[in-house]
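For the single chain, residues carry numbers from 1 onward in sequence order.
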Amino acid sequence: MKNVPFDYDEHSMRAMQAIRYVTTVDQVRLAWARSGSGPALVKASNWITHLEYDWESPVWQHWVRFLSEHFTLVRSDERGCGLSQRDVADVSPVHWLPDLEKVIEAAQPDQPFVLLGLSQGVVPAIQYAVKYPQRVSHLVLYGGYIRGWALSSNPKAVREGLALIEFTELGWGRSDPIYRRLFTRRFLPEGSEEQLRWCDDLCARAVAPKMAAELMRSRGHADVTGLLEQVKVPTLVVHASQDHIAPLTQGQELAAGIAGAQFVQLESSNHILLEHEPAWQRFCDAVLDFTGVLHRTRHGVLGSLTDREREILGKLVSGMTNAEIGKALFISEKTVRNQLTRIFEKLGASNRSQAIIFARDHGFQSG
């Protein structure tokens, strides 16, 4: 079932987003935003993002929506990118942890909070969890890597990284997106033309050509291999089986190196999971289950049903038709249809089958 908020209005949620700035020790302005409600979740920055445009994106929209629906989400654009300061002299990995610390210091999320690292964001997320274990309730790592391409023992991977940087310097800023498409296709090999085109545009909007090359170069020197055994907080590692950016072996090494870490392998080749694919729903469920939010959310939704709605849902789950439900409850078939419409809205279901699956998955007993 599609994971959408039950009283969700995208425009109102976006309007409630609060964007602020914080200045780092080396005088770089970082943009960060808070949205949603619920337990605190901090997302370490990863590229390519834009705190405003992400809400419009067929690539990032469902990520921001899902996280804002279930958590009080704090996220930021990394230095050199999005709404953060663009003209930055140094974007090396040495700044990743201090920048994350600055954003968290400014946002002051309730502690302990969930810390989420995606792709490159896995590195500062691990660093923060090791440095401040008492502040992190759960560590969630998706599509990450423990060492960058420049540190690879595979000469081919190093050559490919250098070639991509040169390609970026030559063609990132062209009006023809052919160079950027080479980059975005690696992130979204299963993406539609619309999704790829949007990602092409975001690349041009979010970061300048020279900075894009510098950010790519910085990724090559990331390394947290020596920190994995120091992670002491509950950790979930999720990785796509055919990820072209971070091979599955990197996710497996992450999970193997962190004591007690849970590992979930998703069947996808996309580095950024797309909303329509089953892997996205499995990712959502894994995060909610791991953080303990899944039980609270499900209980709250079913608890919002009236006694009559629970009666009707119970009959529906038992396999009755509308006519049979009406006869059993001494109400008209039209009343049953109207009641079911309201039940579907509360459950976030679009049809009978989804409502039945939701009820069964949540332990609802038929009547």
Please check this pair: side chain of [X] against backbone of [Y], looking for a donor-acceptor N/O pair closer than 3.5 Å.
X	Y	value
Arg147	Leu151	no
Trp96	Ala125	no
Arg29	Gln85	no
Ser68	Val64	yes
Thr72	Gly38	yes
Asp289	Asp285	no
Gln111	Arg135	no
Ser152	Trp149	no
His70	Pro39	no
Glu214	Met211	no

Between [X] and [Y]: side-chain donor-acceptor atoms closer than 3.5 Å:
X	Y	answer
Arg352	Asn322	yes
Tyr145	Glu253	no
Ser119	His271	yes
Asp77	His50	no
Ser241	Glu267	yes
Gln108	Arg34	no

Test: [X] and [Y] ion pair at under 4.0 Å:
X	Y	result
Arg308	Glu311	yes
Glu160	Arg186	yes
Arg65	Glu56	no
Arg181	Asp200	yes
Glu169	Arg217	yes
Arg79	Asp87	no
Glu324	Lys327	no

Taking distance alone, no hydrogens or angles, what donor-acceptor pairs closer than 3.5 Å link side-chain atoms of residues 225-234 to residues at least two apart or in another chain?
unit_1: Thr225; atom_1: OG1; unit_2: Asp223; atom_2: OD1; d: 2.8
unit_1: Gln230; atom_1: NE2; unit_2: Gly226; atom_2: O; d: 3.3
unit_1: Lys232; atom_1: NZ; unit_2: Glu229; atom_2: O; d: 3.3

Legend entry - Output field: ring centroids Trp47/Phe183 closer than 6.0 Å: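 Yes.
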Inset, instruction - Examine Trp63 together with Tyr142 and report whether their ring centres are nearer than 6.0 Å. - result: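 Yes; Tyr142 has its ring centre under 6.0 Å from that of Trp63.
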Check the surroundings of atom [atom1] in [X]: do more than 12 heavy atoms from other residues, nucleotides or ligands lie under 6.0 Å from it?
X	atom1	result
Asp110	CG	no
Glu194	CD	no
Arg159	CZ	no
Phe167	CZ	no
Gln252	CD	yes

Legend entry - Residue among Asn46, Asp99, Leu100, Leu115 satisfying side-chain contact (heavy atoms from CB on, under 4.5 Å) with Pro124: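 That would be Leu100; it is the only one of Asn46, Asp99, Leu100, Leu115 passing the side-chain contact (heavy atoms from CB on, under 4.5 Å) with Pro124.
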Inset, instruction - Evaluate side chain to side chain contact (heavy atoms under 4.5 Å, CB included) for Leu116 paired with Leu67, printing each intermediate quantity in order. - result: CA-CA 10 Å; Leu116 170 63; Leu67 294 173; 3.8 Å; yes
Legend entry - Non-hydrogen atoms of Ala222 and Pro93 that approach each other most closely: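 Taking every non-hydrogen atom into account, N-CG, 4.2 Å.
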Legend entry - For the student: nearest non-hydrogen atoms of Gly144 and His239, plus distance: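 Between these two residues, the closest heavy atoms are O-CE1, 3.3 Å.
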Distance, nearest 0.5 Å, that separates [atom1] of [X] from [atom2] of [Y]:
X	Y	atom1	atom2	value
Thr168	Leu164	OG1	CG	6.0 Å
Phe113	Leu41	CZ	CG	9.0 Å
Phe187	Asn270	CZ	CG	11.5 Å
Leu73	Phe66	CG	CZ	10.5 Å
Ile19	Arg75	CD1	CZ	7.5 Å

Legend entry - same_hphob_cluster(Leu248, Ile258) at 4.5 Å side-chain heavy-atom cutoff: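 Same cluster: Leu248 reaches Ile258 through Ile, Leu, Val, Met, Phe, Trp or Tyr contacts under 4.5 Å.
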Legend entry - Single-linkage hydrophobic cluster, 4.5 Å side-chain cutoff, Val59 and Trp55 together: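 Linked, Val59 and Trp55 end up in one cluster.
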Inset, instruction - Go through the steps to decide whether Glu275 and Gln281 satisfy the test side chain to side chain contact (heavy atoms under 4.5 Å, CB included), and finish with yes or no. - result: CA-CA 8 Å; Glu275 187 173 19; Gln281 186 59 59; over 6 Å; no
Inset, instruction - Apply side chain to side chain contact (heavy atoms under 4.5 Å, CB included) to Arg185 and Leu196, showing your working. - result: CA-CA 7 Å; Arg185 176 63 76 175; Leu196 289 168; 3.2 Å; yes
Inset, instruction - Begin from the C-alpha positions of Gln27 and Thr23 and carry the test side chain to side chain contact (heavy atoms under 4.5 Å, CB included) through to its verdict. - result: CA-CA 6 Å; Gln27 300 303 300; Thr23 302; 3.8 Å; yes
Inset, instruction - Give the ring-plane orientation class for Trp280 versus Phe283, where under 30° counts as parallel, over 60° as perpendicular and anything between as tilted. - result: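 Geometry flag for Phe283 against Trp280: parallel rings.
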